[in-house]
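Let me begin by presenting the structure, written as structure tokens, before commenting on it.
Each chain gets a letter, A, B and so on, in the order the sequences are listed, and its residues count up from 1.
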Amino acid sequence: MNWHRFASPSNFKRLSARIFPWAAGGAALCLGYGLYQALFVSPPDYQQGQSVRIMYIHVPAAWMAMFVYANLAFAGAATLVWRHPLAEVAGRAIAPVGAAFTFLCLATGSLWGKPMWGTWWEWDARLTSVLILFFVYLAYMALNNAFDDATRGARASAVLALVGAVNLPIIKFSVDWWNTLHQPASVMRLDGPAIHPSMLWPLLAMAVGYTLLFVVLALVRIQAELIERRLGALVQARLSAGHAQ
Amino acid sequence: MYRSARQFFSPCFFLLPASSIDCAPMIGRASFEAHDLACLRGGRIVFARLAFRVDAGGLLVLRGPNGAGKSSLLRMMAGLIGPAHGALLWNGDDIADDPDAHRARVSYAGHSDALKPALTVAEHLVFHAKLRGHAADKVAAALDAFALTKLAELPARLLSQGQRKRVALGRLIAAPAPLWLLDEPTNGLDADSTARLEAAIAAHRETGGIVVAATHLDFAGAGATTLTLGERKAA
Amino acid sequence: MYRSARQFFSPCFFLLPASSIDCAPMIGRASFEAHDLACLRGGRIVFARLAFRVDAGGLLVLRGPNGAGKSSLLRMMAGLIGPAHGALLWNGDDIADDPDAHRARVSYAGHSDALKPALTVAEHLVFHAKLRGHAADKVAAALDAFALTKLAELPARLLSQGQRKRVALGRLIAAPAPLWLLDEPTNGLDADSTARLEAAIAAHRETGGIVVAATHLDFAGAGATTLTLGERKAA
Amino acid sequence: MNAAFALIARDVRLAWRHPNEIATILAFFVIAASLFPFGIGPEPQILARVAIGIVWVTALLACLMSLDRLFQAEAEDGSLDLLVGAPAPLELLALAKVAAQWITTALPLIAISPIVATMLHLPAEGYATLLLTLVLGTPGLSLFGGIGAALSVNARRGGALLALIVLPLTVPILIFAVAAVDAAIAGLSPRPHLFLLAGLSVFALTIAPFAMAASLRQAAE
Amino acid sequence: MNAAFALIARDVRLAWRHPNEIATILAFFVIAASLFPFGIGPEPQILARVAIGIVWVTALLACLMSLDRLFQAEAEDGSLDLLVGAPAPLELLALAKVAAQWITTALPLIAISPIVATMLHLPAEGYATLLLTLVLGTPGLSLFGGIGAALSVNARRGGALLALIVLPLTVPILIFAVAAVDAAIAGLSPRPHLFLLAGLSVFALTIAPFAMAASLRQAAE
Ligand code: HEM
Ligand SMILES: Nc1ncnc2c1ncn2[C@@H]1O[C@H](COP(=O)(O)OP(=O)(O)OP(=O)(O)O)[C@@H](O)[C@H]1O
Ligand SMILES: Nc1ncnc2c1ncn2[C@@H]1O[C@H](COP(=O)(O)OP(=O)(O)OP(=O)(O)O)[C@@H](O)[C@H]1O
Ligand SMILES: [Mg+2]
Ligand SMILES: [Mg+2]
């Protein structure tokens, strides 16, 4: 067996065992606080009324969609440049999580769009670029699974993740470059947030909660993936031991 | 052309692996050797702890049952797959250090013939010479060496199995390179063509070239070394 | 199953071509012969005026230089291409008269292995048996005959060249048919597998089967007839 | 018959062993359909006007992509010789391959077509008829596509050749399907169009097996 | 460099030897575009409104169909081993293959695009800009397509996977091209859009060779 390939994964296991409880606890806390604040405490918007509460789900999901993609691109670079087996596994593990956040962003945005803009879907630059992000996630997952050899799939999809990273600035700045239906950034701007603190705090709590949730999901999925690979290697070893006799 | 100057100045006497005991007198300057080589395919170890050494003018015959890893070893020698462990050395330098230089010195003829149905025999050879940075002046010799001259203007789709193989082998002559890697080169060849291949190999070795060939048949040449791969993998 | 009843009642003594002189005693009932056969490929005559006769239990070895038309003849025998002239007769009946019956009695193993990368070795053999209207009960014997039992659950993509060839040959056993047509069946096989193939051929002949094999190697069996194709086409 | 069922089972198993392939075809369907709004512009009223055409055209293209290598792959790995050489009628075997393709591609496409229709603002009255046209029309698509796939075996750049052969054959299917949905949206009865659509599929079923078998026999020469 | 030119020459010669393949791609373009009037209905004012989008989307799909086997064919017949093993930089060789594809597919497409545009009643002011967008944008299409083709070598269900990879990458090209022609028709300057289009093609040119070479090396493992 080529144990050196699993040497770093075993390091990972120790590290993740240490992080996991904190991340899980933190996620529960932040999401609990954030949701309570968002749904019951924070004021309705003077323009949007109660439907503003979708924001606390939608906006952090949008941030996470992009943040996870940035991680994916980084994992891709690590796969290609350092050929790190853990990076391979990580990319494979986090892509569906990122796709799920993107889908959440699209779904909540679309739910929100009906009362606000009077339509479920609009081919606006921001919405469209997020849809493309979702497609790139799908393509990444399809490519990752398209090969018999897991390493080949990981490397091919890593190239795609890097090429697809162009889309991130387009999403971020689409609202500034084209005049769109979607509103421009009000939290993450250079000159400080333009949003009332009673809405800002729950929003930030949700954002931190989402991030920790992502960490938890990523750790679990990476470990599942590692176990699956070990199992695959064992089965293969059994089979080849089979012919050896 | 693309060949780096490094191979001519490589310290042939340095870095000789301790395990290498075969120090036969060298005709040319080149040597090709492996130490402690291991190959991993699809997560399985195909072979490990492999070592060999061939010097200029040498012929290494790879033998072993189906699935022993002969083809994998040849692809590794060609630089198409990387070793899981150990290294292949040309004149003492790890081939992974300068893959471009290694590619320039290898001519690989695998299982598949790499023929385009619509191109003629001659066009295949001319293209291959140019692809490898040579002029097309050896093409006539290549056609001659494998009795392809009369087929030169036929498109590849009209060729029989053995004729196709001969075109693939003609590439060795059309674009000369010091190291020939041949995967079951006699498959499908008739007696006459097999004799021609043996002649081509002998001529190549005479000029100091190195040949590595995988085969299941009685196929050899003067002074050939045989490397037998993993008996135990037989299945 | 799909086999027509005709062959059992065919008037074996009628219609014997005048040119056919070989009237050796027959073990089984079957005979396979050609007279005045010609093959046209891509507008060129590959061979013409070909005649042969094999009886039950016979082995016909096709020889000849590359491009002589061995593969073309085998495809013609399999009913995949039609003769430009003349006819192939099974028990005296032109095979073109009842192509369905002929297909049921032929098992053809060509140059390519017809393997799907994602299917396992066993699945290939089971599918082939069913495709030809048989039950899957011979699959275990087929795996055994070519030492594939341990590879049975491996997907074809993981097989080496020789292992692939063995799966292709395993089809002959998995879906029995009286007439085996083998195109260079030993290509890529190691010594052990070649011996297994020879044993399988001998066993098939013992039960009255007929084998036609094209080869460049010393590959034969007791009482084999050799048919050497067009020397002059050599090029 | 057994041989044909064995072939269907093998092809479905091949597809099942790689479930992401079906997902890939579906994703292609969704993405290609959403390309048109990029090109045509986002105005809902125009999109709604062309929605049904886009759904059908992209469904057709998705079907084509999956048909592309239906027989080509068999020819390349040598399986075609075995199929043509099998004692079962080649017409039946060709039909079995098309059936497997329909099960693994067209059925999932039909299942997600409502999502695509929503993205394109198809009026709500059209959904039921859209599904019905897909159910009645896609067998015809697959069968005509099968003819094209058999004809283009051994031709290089099969994909485009396939499209060239298949598109004219499938134009009538497209026309009647669109007409049916348009009628439903306009509050008229889509019945006559649906009958014509079903008729086309039945017609395809009667000629396709023979056409496919004939071209496959030639391809194996 | 010589190796790259030899490769371009070989691929162009291969295409030239089968002129009907180019014709097939062109016919696909024309037929697919002319399907839309069937799907959408023949009203000239609606057609004119969507013409530019349809021309571009079908050009994109036609390009995609021809890219499908760009590297896959090389992998299947074993040529890929020879290309990867050649002493010339693989980046350059991959670029040469894309260049040959562009010459043999995109150029003829551009040449007949006015015919398709006429069939769809594109306003006369749009023709010059349409040609310009095709000239500036198709290199980007081919390059992104080349990345997809290299990534999907030996993948299962290559065609649809290729589409899934390439379509999201090429959407920006589509958007700017359509915006440029729309601007021209509206009497505005298409300049900024054209610059962006050219910029995208240049961007593709800078990353595609490396992405393709990396994927091809993996494919040859
Ligand atoms: C499917 C439809 C939608 C998508 C794909 C979408 C996408 C996004 C994205 C990607 C962001 C993050 C922007 C950034 O960090 O700069 C975002 C933020 C935001 N979205 Fe949406 N959105 C959608 C619908 C809506 C709707 C209908 C509304 C309400 C009118 C809305 C309101 C917001 C707000 C307030 C932010 C926070 C902006 C900030 O403070 O930075 N979105 N959305
Ligand atoms: N692409 C691949 N992925 C995973 N495993 C592979 C791959 N190619 C080959 N193998 C495995 O590697 C082993 C060695 O294969 P290889 O083709 O090198 O054998 P070989 O010695 O050339 O055999 P043969 O004499 O049959 O050609 C085989 O057991 C095979 O299962
Ligand atoms: N599909 C084809 N179209 C046209 N001509 C063909 C075709 N296939 C083979 N030929 C021609 O028919 C001749 C006989 O080919 P065939 O493959 O039968 O030879 P073979 O005896 O099997 O040779 P080998 O020993 O090399 O396999 C060849 O000269 C070839 O040029
Ligand atoms: Mg081998
Ligand atoms: Mg032959």
### Task
Count the heavy atoms belonging to other residues, nucleotides or ligands that lie under 6.0 Å from NE2 of C:H111, then report whether that count exceeds 12.
yes
Tell me, side chain or backbone of [X] under 4.5 Å from chain C's heavy atoms, or both, or neither?
| X | result |
| --- | --- |
| B:L189 | both |
| B:N187 | both |
| B:S71 | neither |

### Query
So which of B:G188, B:G162, B:S160, B:G69 has the largest heavy-atom pair count under 4.5 angstrom toward chain C?
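Among the listed options, the one with the most contacts to chain C is B:G188.
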### Task
Verify, without hydrogens or angle tests, whether C:T120 (side chain) and C:E153 (backbone) share a donor-acceptor contact under 3.5 angstrom.
no
### Message
Among residues at least two apart in sequence or on other chains, which ones pass salt bridge (Lys or Arg N to Asp or Glu O under 4.0 Å) with C:K116?
### Response
D:E74, D:D77
Listed pairs under 3.5 Å, donor-acceptor, residues 72-81 of chain C side chains, sequence neighbours left out:
| residue | atom | partner | partner atom | Å |
| --- | --- | --- | --- | --- |
| C:S72 | OG | C:R41 | NH1 | 3.4 |
| C:R75 | NH1 | C:Y108 | OH | 3.2 |
| C:R75 | NH1 | D:D81 | OD2 | 3.0 |
| C:R75 | NH2 | D:D81 | OD1 | 2.9 |
| C:R75 | NH2 | D:A220 | O | 2.6 |

